[in-house]
Amino acid sequence: MSRQLLGGISAQRFLREYWQKKPLLVRRAIPGFQGVVSRDQVLELACDYEAESRLVWHGTTTGWHMKHGPLRPKDLRRRGSWTVLVQGLNLLNDDADALLHRFDFVPWARLDDLMVSYASDGGGVGPHFDSYDVFLIQGTGRRRWQISAQQDLEIIEGAPLRILRHFQAEQEWLLEPGDMLYLPPSCAHNGIGEGGCMTYSVGFRAPAAQEVATQFLVHLQDYLQLDGRYADPGLALPAHPGELSSKMIDRIGDIIGRIAWNRHSIRDFLGCYLTEPKSHVFFDPPERPLGLKAFAARIAKRGIRLHRKSQLLFAGKSFYLNGEMVEVPQADRAAVRELSDRRALPALANPGATALAMFYDWYCDGFIEADGR
Ligand code: SIN
Ligand code: CO
């Protein structure tokens, strides 16, 4: 499946030779690709509270400008070169979700979102580098991409977005609809619209060490259970009442030293952390949910599918759905692993009573849909 997407090379070879290492240009990665949304839909989304968006433009004398959405329609009635970008298109549109999940040769745990941009003639976000891998898929229109392996990654101080101070293009290509460019982290690049054009970016997540450690500590405190209390029988008369005695520091050190974690704590943290919906994501339970019996009959015919906003990961017998650990009975684990891998399950004729109740709860929460196709 991924061979065409990767220009005829296998996913194994891509991961071995290109992933996190060097750029890859693929002509006709998605032949006949027309994009998943129109220019007008992108502009509309940029004005919507549900979407995360940005408008970027460059004035010859005033430099770079950026405005965060939601935008007003009049912000988008512009002349000159500009671009509007909408993050998380996969959360808003099923086709966008399907496009993002075509990249299944990278684990879902590394996948972030699908962004779409519309750029007017000459528009773009300027020369920059990203800290993440990205696949840039050309939608309608054409875009010139310039890239460089330069080591000088100094950015213009004070600019509203990260623009390289000295960008020296080493290679460039004009991408046509359906062409794709893979860039590893820190590869300098600049994309310039030729006529109005749309670009889709498949973005990945690679949390910063500081972020992941901080979040682990937050997770740990929810599960921490330390008994006892500070005590100091036999307290010696202090020479300096204002001094923190070394005895007190040692006793508190003993308490802190009882904070313990193991590989399971790390696994559970990771599962919850990576499936946690972004702060602006809310699930919509079905307006008129089917009753349990009707639900069972429906999924027996049509199966189930994760809602595009849902994230389900697993590690062995442990399952994580939208930021929570979920208990899955042993008999149903294979099915739920398949649901995680493929994001859908075909006709579910005879789920056990516990699995049925579990899927029904997920359906009522808006986490899954009773239609796997
Ligand atoms: C875009 O403008 O669509 C892509 C932004 C980027 O270069 O990362
Ligand atoms: Co970029």
Side-chain angles (χ1 to χ4, degrees), residues 14-26 51-56 58 64 66 68-69 83-91 99-100 103 105-117 119 124-137 143 145-172 175 180-192 199-218 269-270 273-281 311 313:
F14 170 77
L15 294 175
R16 197 172 55 238
E17 292 179 22
Y18 296 89
W19 176 252
Q20 300 236 300
K21 296 183 191 76
K22 59 182 185 187
L24 175 68
L25 172 73
V26 181
E52 256 185 278
S53 60
R54 282 170 294 158
L55 172 67
V56 174
H58 183 250
W64 289 95
M66 177 167 69
H68 282 285
T83 182
V84 67
L85 307 104
V86 175
Q87 293 280 154
L89 186 66
N90 53 298
L91 302 171
L99 176 60
L100 178 67
F103 290 77
F105 47 90
V106 181
W108 297 152
R110 289 282 272 115
L111 211 49
D112 189 6
D113 75 336
L114 185 76
M115 180 177 82
V116 62
S117 68
V125 295
H128 66 283
F129 69 95
D130 297 304
S131 309
Y132 315 99
D133 310 78
V134 65
F135 288 93
L136 299 155
I137 308 164
R143 185 177 205 127
W145 281 103
Q146 305 174 318
I147 67 165
S148 168
Q150 66 189 62
Q151 298 297 307
D152 175 359
L153 296 179
E154 186 189 342
I155 55 173
I156 299 178
E157 226 172 279
L161 62 170
R162 294 157 46 85
I163 305 285
L164 285 167
R165 183 178 282 283
H166 314 285
F167 177 65
Q168 297 250 290
E170 290 169 355
Q171 279 180 290
E172 73 168 54
L175 267 68
M180 184 173 83
L181 179 61
Y182 162 75
L183 299 177
S186 304
C187 176
H189 56 285
N190 188 25
I192 308 152
T199 302
Y200 295 82
S201 313
V202 174
F204 293 86
R205 64 191 298 191
Q210 179 69 25
E211 151 84 5
V212 87
T214 307
Q215 292 304 320
F216 177 62
L217 292 175
V218 171
F269 153 68
L270 201 53
Y273 170 67
L274 292 176
T275 60
E276 178 72 35
K278 293 192 176 150
S279 57
H280 64 284
V281 172
Q311 300 188 77
L313 296 175

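Position 1 is the first residue of the sequence; numbering continues from there.
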Original post:
Would you find more than 12 non-hydrogen atoms of other residues, nucleotides or ligands less than 6.0 Å from Phe216 atom CZ?
Top reply: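 Buried by this count: over 12 neighbours within 6.0 Å.
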Original post:
Is the number of heavy atoms from other residues, nucleotides or ligands within 6.0 Å of CD (Glu211) greater than 12?
Top reply: yes
Subject >> Parallel, tilted or perpendicular: ring planes of Phe14 versus Phe105, cut at 30 and 60 degrees >> reply: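 Perpendicular.
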Under 3.5 Å, side-chain donor or acceptor atoms of residues 16-25 against the rest of the protein: list the pairs with distances, not counting sequence neighbours.
{"unit_1": "Glu17", "atom_1": "OE1", "unit_2": "Arg13", "atom_2": "NE", "d": "3.2"}
{"unit_1": "Glu17", "atom_1": "OE2", "unit_2": "Arg13", "atom_2": "NE", "d": "3.1"}
{"unit_1": "Gln20", "atom_1": "NE2", "unit_2": "Asp133", "atom_2": "OD1", "d": "2.9"}
{"unit_1": "Gln20", "atom_1": "NE2", "unit_2": "Asp133", "atom_2": "OD2", "d": "3.4"}
{"unit_1": "Lys21", "atom_1": "NZ", "unit_2": "Arg16", "atom_2": "O", "d": "2.8"}

If every non-hydrogen atom of [X] is compared with every non-hydrogen atom of [Y], which pair is closest and at what distance?
X      : Y      : value
Leu164 : Asp152 : CD2-O, 4.1 Å
Pro207 : Tyr273 : CB-OH, 3.5 Å
Val56  : Gly124 : CG1-O, 3.9 Å
Ser131 : Pro185 : O-CB, 3.5 Å
Phe167 : Ser148 : CE1-CB, 3.9 Å
Asn190 : Gly126 : OD1-C, 3.2 Å

**OP:** Using the side chain to side chain contact (heavy atoms under 4.5 Å, CB included) rule, pick out the option among Asp113, Leu111, Val134 that qualifies with Val202.
**Re:**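 Exactly one pass, corresponding to Leu111.
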Side-chain ([X]) to main-chain ([Y]) donor-acceptor, under 3.5 angstrom:
X      : Y      : result
Gln150 : His166 : yes
Arg165 : Glu154 : no
Thr83  : Val125 : no
Asp112 : Arg205 : no

About how many Å separate [atom2] of [Y] and [atom1] of [X], when rounded to the nearest 0.5 Å?
X      : Y      : atom1 : atom2 : value
Phe135 : Leu114 : CZ    : CG    : 12.5 Å
Leu136 : Met115 : CG    : CE    : 8.0 Å
Cys187 : Glu170 : SG    : CD    : 8.5 Å
Arg143 : Ser117 : CZ    : OG    : 4.5 Å
Phe129 : Ile163 : CZ    : CD1   : 11.5 Å
His128 : Ile156 : NE2   : CD1   : 13.0 Å

Subject >> Side chain to side chain, Leu100 and Tyr200, heavy atoms closer than 4.5 Å >> reply: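 With C-beta onward as the side chain, the pair stays apart.
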**OP:** Answer yes or no: is there a side-chain heavy-atom contact under 4.5 Å between Ile147 and Leu183?
**Re:** yes
Original post:
Taking the six-membered ring where the residue is Trp, are the ring centres of Phe103 and Phe204 under 6.0 Å apart?
Top reply: no
